[in-house]
Number of protein chains: 2
Amino acid sequence: MEQIARSPKQIGAAVRRRRRTLKLSQSDLGAKADLRQATVSALENGKPGTQLRTLIDALAVLGLEMAIRERSRADKEIEDIF
Amino acid sequence: MEQIARSPKQIGAAVRRRRRTLKLSQSDLGAKADLRQATVSALENGKPGTQLRTLIDALAVLGLEMAIRERSRADKEIEDIF
DNA sequence: ATATTTTATGCTACAAGGCGTATAAAATTG
DNA sequence: CAATTTTATACGCCTTGTAGCATAAAATAT
């Protein structure tokens, strides 16, 4: 499964989904990624101020990676809804 | 073209590459994304503290999107080098 | 080589992140 | 329902991001 993430909320959702698939609590993830449980919570809830470092560390622990690419044509024609 | 980005530096490189393809200066991008030229510079240079908001805003202006997915098998066997 | 454009860096000010710690609220389990 | 686990929030502290503004350094163009 691959999730397109164009907003902090979508990023957070992807992280949460994966964490749950792995049956980890926020504390578990935090321990492995060297982040507080509260920080994991903030990330998953889509706080826009979350730092790249935090995301990268969480992704690594979760066995996830990020890809950056052009938006697909169809996507370009529809404005993101915020 | 799709770039895997597992570190702030790789993220920054993807942003810079795309910006140059579009023949925009950091100031141009900054103006469109509502970011200072200095902030764009920091993002492209891989400052880990850069906020998700900053990345998201830049990607949107550049017509890029982020995808989050499992690391491919081959990738898992090789530790990232930092 | 010189002028112009672009990028990196510095200043101050303010806002916010993430830390430790702790607790309240919510969800899950028995 | 009660006990347990998980998640969201809060306080104080220190660090850091981003803002506006400005300039130095580097790269590109003439």
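Labels below follow one simple rule: chain letters A, B, ... track the order of the sequence lines, proteins then strands, and each chain is numbered from 1.
Toward the 5′ end of DNA chain C lies the nearest nucleotide of Asp28(B), the other residue of the pair Pro48(A) and Asp28(B) mapping further downstream.
Within 4.0 Å of Ala42(B), counting heavy atoms only, lies no atom of the nucleic acid at all. Residue-level contact check: Arg53(A) touches neither bases nor backbone, having no heavy atom under 4.0 Å from any strand. Here Asp34(A) lies in heavy-atom contact (under 4.0 Å) with sugar-phosphate atoms only.
Across dT9(D), dA8(C), dA10(D), the shortest atom-to-atom separation from the side chain of Asn45(B) is found for dA8(C). The Arg36(A) side chain lies nearest to dG18(C) when the options are dT9(C), dT7(C), dG18(C). Ranking dA8(D), dA19(D), dT9(C) by closeness to the Ser41(B) side chain, first place goes to dT9(C). For Arg16(A), the side-chain atoms get nearest to dT7(D) when compared with the rest of dT7(D), dT7(C), dT9(C). Closest to the side chain of Gln51(A), out of dG18(C), dA8(C), dT7(D), is dG18(C). Taking every side-chain heavy atom of Thr50(B) into account, dT18(D) is the closest of dT7(D), dT18(D), dA10(D). Side-chain proximity of Leu35(A) to the nucleotides dC19(C), dG17(C), dA19(D) is greatest for dC19(C). Of the candidates dG17(D), dA8(D), dA8(C), the closest approach to any side-chain atom of Lys47(B) belongs to dG17(D).
Contact between Ala14(A) and Leu64(A) at its shortest, heavy atoms only, is O-CD1, 4.5 Å. Closest non-hydrogen pair, Pro8(B) versus Ile56(A), comes out as CD-CG1, 4.0 Å. Closest approach of Ala58(B) to Leu29(B), counting heavy atoms only: O-CD1, 4.2 Å.
Look at CD on Gln26(A): it is 13 Å from P on dA27(C), rounded to the nearest Å. The distance between atom CG of Leu24(B) and atom C1' of dT7(C), rounded to the nearest whole Å, is 15 Å. With rounding to whole Å, Leu43(B) atom CG is found 19 Å from dT6(C) atom P. Remark: C1' of dA16(C) and CG of Leu52(B) are 13 Å apart, rounded to the nearest angstrom. In this entry the distance linking CD of Glu44(B) with C1' of dT18(D) reads 16 Å, nearest Å. Rounded to an integer number of Å, the gap from Arg17(A) CZ to dT7(D) P is 16 Å. Summarising the geometry, the separation between CZ on Arg20(A) and P on dT6(D) is reported as 12 Å, rounded to the nearest angstrom.
The pair Arg71(A)-Glu65(B) does not count as a salt bridge, with every side-chain nitrogen at least 4.0 angstrom from each carboxylate oxygen.
Atom-to-atom distance recorded for Met66(A):CE and Ser7(B):OG is 9.5 Å, nearest 0.5 angstrom.
Side-chain nitrogen and oxygen atoms of Thr39(B) include none within less than 4.0 Å of the OP1 or OP2 phosphate oxygen of dG17(D). Under 4.0 angstrom from either OP1 or OP2 of dT5(C) there lies no side-chain N or O belonging to Ser27(B).
Within a 6.0 Å radius of CZ in Arg69(A), more than 12 heavy atoms belonging to other residues, nucleotides or ligands are found.
With hydrogens and angles left out, the side chain of Gln37(B) and the base of dA8(C) share a donor-acceptor pair within 3.5 Å.
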